[in-house]
Amino acid sequence: MKKSKQFWPFILLAVLVYVVIQVLISTEMMNQFYSNTLILIAINIILAVSLHLVIGITGQFSIGHAGFLAVGAYVSAIITMKLQLPFAVAIIVGGVVAALAGLIVGIPSLRLKGDYLAIATLGFAEIIRIVFLNIDAVGGAAGMQVSHLTTWTYAFVCLVITLVVIVNFTNSRHGLAAISVRENEIASDAMGINTTYYKVIAFAIGSFFAGVAGALFSHNFYIIQPSQFGFLKSFDILIFVVLGGLGSLSGAVLSAILLTIVSTYLQGYPETRMIIYSLVLIIVMLYRPKGLMGTMEITDYFKLWRTPKGGGQHEK
Amino acid sequence: MKNKPLLEVKNTGIQFGGLKAVQNLNMVLNQGELVGLIGPNGAGKTTSFNLLTGVYVPTEGDILFNGERINGLPPFKVTRKGVSRTFQNIRLFNELSVLDNVKVAYHSIAKHSIISSILRLPSHFSGEKEMEEKSIEFLKIFSLDKYKDELAKNLPYGQQRRLEIARALAANPKLLLLDEPAAGMNPQETKDLMDLIAFIRNKFDLTILLIEHDMNLVMGVCERIYVLDHGQLLAEGSPEVIRNHPKVIEAYLGEEVHDVNA
Ligand SMILES: Nc1ncnc2c1ncn2[C@@H]1O[C@H](COP(=O)(O)OP(=O)(O)OP(=O)(O)O)[C@@H](O)[C@H]1O
Ligand SMILES: [Mg+2]
């Protein structure tokens with residue numbers, strides 16, 4: 001309940017992690033491969049956590065998250081490459097435009113009860129991909145050259161902001177309203193919750209951070225191509241959330257870390273990657289059908305350890 | 001104020017395809033009344049609640065609350081006007097704690113914004129604190145505070161029903177609609193519940209409309225009773241009048257015979 005008390009320890013830990021890794025990078029004790037993997041992990045955590053807000057918290061099934069990633073990637077690339085504006089501006093605008101796209105997709109489909117969002121997002125992601133494929137100004141199928149601007153600092157700051165916003169939203173009356181929609185939309189409505197509003201808000205916040213991730217993503221590879229944002233990408237993000245356990249933020253973070261490492265090491269063997277990926281999924285679904293963490297958070301485990309036999313005593 | 005009715009239902013009804021689930025419903029509830037709504041299975045009682053709360057939009061007639069038309073409003077707006085309900089088939093937020101279930105209903109009364117929560121501004125903390133304290137007060141009234149950290153789905157059935165009422169109350173209603181609140185409870189639990197309903201009515205200055213199957217129970221607590229059958233109002237009056245009403249006896253006798261056969 002007293003989740004706010006975890007805020008300062010979290011910030012402290014974040015600063016510590018940042019400084020240690022930054023020192024390792026700048027003293028060149030950590031090579032490019034590892035630092036790049038860390039940036040990828042940060043991007044994937046942002047993607048996982050932003051989708052977690054939509055699926056795990058609000059219970060709205062979105063299967064086109066890569067569409068918002070693409071919007072952020074291309075919009076930010078246009079801002080730095082064509083308009084020569086600073087990267088920080090590109091990140092923010094990438095997020096804002098992705099959030100607007102989220103509103104356009106979300107408002108009509110989330111007003112309805114039922115899984116219309118899944119269809120709408122799937123369609124949206126495809127449309128976005130085809131649009132970029134056919135705009136010559138952004139390179140079409142050949143792709144668009146983008147400067148390498150994403151550093152560990154940018155990635156980490158964006159990651160921390162994402163986590164703080166989504167955790168603080170979740171642990172408030174607003175997050176509770178969103179969860180009540182997931183739990184029972186009819187009861188939520190009957191209790192005075194504007195369910196459409198919360199579905200749309202959660203979806204827009206999720207889209208915003210997918211756009212932010214897109215900006216980091218496009219400035220991390222020298223080139224972006226529409227083919228990087230296909231259905232498989234959406235599926236990869238969805239897997240983070242499902243594997244982690246629907247409703248568990250730490251689960252989403254954990255599986256994003258785990259799967260990024262697995263796929264980084266298997267990059268050279270795409271076939272093997274798919275096989276191992278599928279095996280991991282099958283094993284998790286067999287032994288932990290509710291995902292790695294179920295609906296638990298890492299902090300819940302700490303609490304269990306602290307109070308022997310679990311429960312009973314609660315901190316005042 | 002006293003003589004202005006809190007709820008006025010005027011010739012309201014709804015049709016599903018060819019089925020007139022409720023028709024020509026007329027009802028007047030005055031401030032502070034505890035009124036019963038009874039009738040055999042499928043009579044249209046729950047459907048009437050759904051009409052009153054905006055779940056269904058009436059295909060005919062009007063519903064006035066405090067003199068204001070509320071038909072056509074979505075359920076959350078009706079709730080914010082002061083009409084709150086429980087469900088016949090319990091609809092709790094199962095994976096949320098007992099406390100959080102009540103907090104959800106208190107949500108619209110707390111006012112701190114999304115921005116204040118994300119930035120953890122002082123208004124967030126005071127708002128959340130108020131939500132928590134008020135919610136615990138509601139739980140205490142129902143002696144549910146000892147379960148506050150349990151998941152709602154882990155409560156015994158009778159307690160789940162009580163939690164639903166606590167939650168409905170936290171939405172700060174003027175009119176409380178209870179759909180078979182004692183269903184599945186044993187006689188002792190039922191009696192406790194009825195005492196509690198009488199208590200909260202006085203404490204919160206509520207008007208209550210209660211659906212119940214158990215005739216004796218309704219006769220015991222309600223001041224006035226509406227009887228529905230086949231979607232239409234069959235009778236209306238004091239428990240005495242209803243008990244001796246020939247049409248009511250007929251409708252219920254019919255049902256009893258039916259039940260024995262089943
Ligand atoms: N959404 C709907 N679509 C079609 N028919 C409906 C719908 N809702 C209710 N009905 C029908 O309306 C009639 C009245 O149902 P209702 O649930 O209001 O009865 P009730 O008086 O609450 O009965 P019970 O005592 O069994 O709860 C029933 O015949 C039911 O099948
Ligand atoms: Mg009913």
Side-chain angles (χ1 to χ4, degrees), chain A residues 1-5 7-8 11 56-57 59 111 113 161-198 201-202 204-205 246-248 290 294-296 303 307 310-315, chain B residues 49-50 53-55 74-87 90-97 99-120 124-125 127-128 130-132 148-153 164 167-168 170-173 177:
Chain A
M1 294 300 103
K2 309 273 172 200
K3 297 245 168 67
S4 49
K5 293 248 169 73
F7 181 69
W8 290 110
I11 294 291
I57 296 297
R111 292 167 70 102
K113 298 206 159 59
I161 291 174
T162 308
L163 287 174
V164 167
V165 169
I166 289 179
V167 168
N168 283 355
F169 176 86
T170 305
N171 295 318
S172 73
R173 78 179 175 106
H174 307 287
L176 195 58
I179 296 174
S180 77
V181 174
R182 175 192 79 194
E183 286 297 304
N184 194 320
E185 195 169 342
I186 292 174
S188 179
D189 203 355
M191 289 306 118
I193 307 282
N194 186 346
T195 55
T196 307
Y197 174 79
Y198 278 104
I201 284 288
I205 296 177
L246 284 180
S248 168
K290 292 183 119 185
T295 50
M296 302 274 278
K303 266 184 228 144
T307 51
Q313 314 286 80
H314 284 276
E315 78 269 47
Chain B
F49 269 23
N50 285 336
T53 53
V55 174
F76 77 91
K77 285 195 177 153
V78 174
T79 305
R80 290 180 187 185
K81 294 252 179 239
V83 183
S84 180
R85 72 177 293 184
T86 65
F87 294 89
I90 301 175
R91 286 183 183 275
L92 289 170
F93 307 119
N94 279 327
E95 299 289 336
L96 286 178
S97 72
L99 178 61
D100 282 347
N101 265 271
V102 179
K103 274 184 174 177
V104 171
Y106 200 76
H107 171 276
S108 329
I109 296 153
K111 286 287 174 268
H112 53 287
S113 66
I114 291 183
I115 297 292
S116 81
S117 287
I118 286 175
L119 300 177
R120 287 296 189 251
H124 162 84
F125 291 105
E128 293 286 323
E130 178 194 327
M131 252 173 96
E132 171 138 358
K148 74 179 169 70
D149 296 320
E150 292 284 344
L151 292 188
K153 66 173 182 191
E164 255 212 337
R167 187 180 67 174
N172 194 25
L177 308 176

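Options B:Thr53, B:Ile114, B:Ile118 differ in how many heavy-atom pairs under 4.5 Å they form with chain A, and the most are formed by B:Ile114. Of the listed residues A:Val165, A:Ile166, A:Ile193, the one with more heavy-atom pairs under 4.5 angstrom with chain B than any other is A:Ile193. Most heavy-atom pairs under 4.5 Å with chain A: of the set B:Ala171, B:Ala168, B:Ser113, this distinction falls to B:Ser113.
If you measure heavy-atom distances from A:Ile201 to chain B, the contacts under 4.5 Å come from the side chain alone. When heavy atoms are compared at a cutoff of 4.5 Å, B:Leu92 approaches chain A solely by way of its backbone atoms N, CA, C and O. B:Phe87 touches chain A through its side chain: at least one heavy atom from C-beta onward sits under 4.5 Å away, while N, CA, C and O do not. Neither the backbone nor the side chain of A:Thr170 has a heavy atom closer than 4.5 Å to any heavy atom of chain B.
Shortest non-hydrogen contact noted between B:Ala170 and B:Val102 is CB-CG1, 3.5 Å.
Residues meeting the side chain to side chain donor-acceptor pair (under 3.5 Å) test with B:Glu128, sequence neighbours left out: B:His112. B:Asn172 meets the side chain to side chain donor-acceptor pair (under 3.5 Å) test with no other residue; sequence neighbours excluded.
No donor-acceptor pair under 3.5 Å is formed between the side chain of A:Asn184 and the backbone N or O of A:Ser180. Between the B:Ser84 side chain and the B:Pro173 main chain, no donor and acceptor come within less than 3.5 Å of each other.
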- Message: side chain to side chain contact (heavy atoms under 4.5 Å, CB included) for A:Leu176 and B:Leu96? Distances and angles first, verdict last.
- Response: CA-CA 9 Å; A:Leu176 195 58; B:Leu96 286 178; 4.0 Å; yes
